[in-house]
Amino acid sequence: EEDLLNDVCMEVVERWSDSQVVDAKEEKEDEVQAIASMMEKQARIVVKPKEVSQEEKQRKAALLAQYANVTDEEEYPFSALLGGLSQSVVSPYPTPALFRNTNVEDVLNARKLERELLRDEFQKKKEQDKLQREKDKLAKQERKEKEKKRTQKGERKR
């Protein structure tokens, strides 16, 4: 029976290893098939070219021309928006009509708002401190008066 048992075990192991090889081949074929189908789907997808109007083309060309003509001597390209138009910028449109840089204004407004808030907070704190000093002063006077009355009562009892 031991020989028969060994033979059966060997047969089980062989069949198991054969089935593993077949499964691996099927998995590889499935992967290849999946990749092929993905490639076919991608090949079917057609990208429609974006239609750009003539006005948008001109606007883009103006922007590119503006940045192409900036020299090393000039400051920042947006200085034209802040302090007047630059002489080296050649554009069919005036620069402010293209876009308006509000970053500087936003930062200045934010700082101004922050200063105002801090100023208001300081004023409130100052008023609260003043009220607290007055309360402390009144409390001190009341303590003095109570102490005075207490000492007067003590002197009367003597």
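You'll find the side chain of Gln132 stays beyond 4.5 Å of the side chain of Gln128, heavy atoms only. When side chains are defined from C-beta on, Arg133 does not count as touching Lys137, because their heavy atoms never get closer than 4.5 Å. Side-chain contact check for Lys153 versus Arg150: every heavy-atom pair is 4.5 Å or farther apart.
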Requested in this report: Please lay out, stage by stage, how Glu134 and Lys130 fare under the test salt bridge (Lys or Arg N to Asp or Glu O under 4.0 Å).
Outcome: CA-CA 6 Å; Glu134 289 177 10; Lys130 187 176 180 181; 5.1 Å; no

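With respect to Arg15 and Glu11, a salt bridge is recorded, a charged nitrogen being found less than 4.0 Å from a carboxylate O. Ionic pairing of Glu147 and Arg143 is not present here: no N-O contact between side-chain nitrogen and carboxylate oxygen is shorter than 4.0 angstrom.
Separation of atoms CG (Leu113) and CG (Asp106) is listed at 12.0 Å; rounding is to 0.5 Å. In this structure, Glu114 CD and Glu121 CD are separated by 9.5 Å, a value rounded to the nearest 0.5 Å. To the nearest 0.5 Å, the span separating NZ on Lys144 from NZ on Lys140 amounts to 5.0 Å. Remark: Asn109 CG to Glu116 CD distance equals 9.5 Å, nearest 0.5 Å. Taking CD of Gln58 as the start and CD of Glu56 as the end, the distance is 11.0 Å to the nearest 0.5 Å. Within the model, atoms CD of Glu142 and NZ of Lys135 stand 12.5 Å from one another, a figure rounded to the nearest 0.5 Å.
Environment of CD in Gln152: crowded, with over 12 heavy atoms of neighbouring residues, nucleotides or ligands closer than 6.0 Å.
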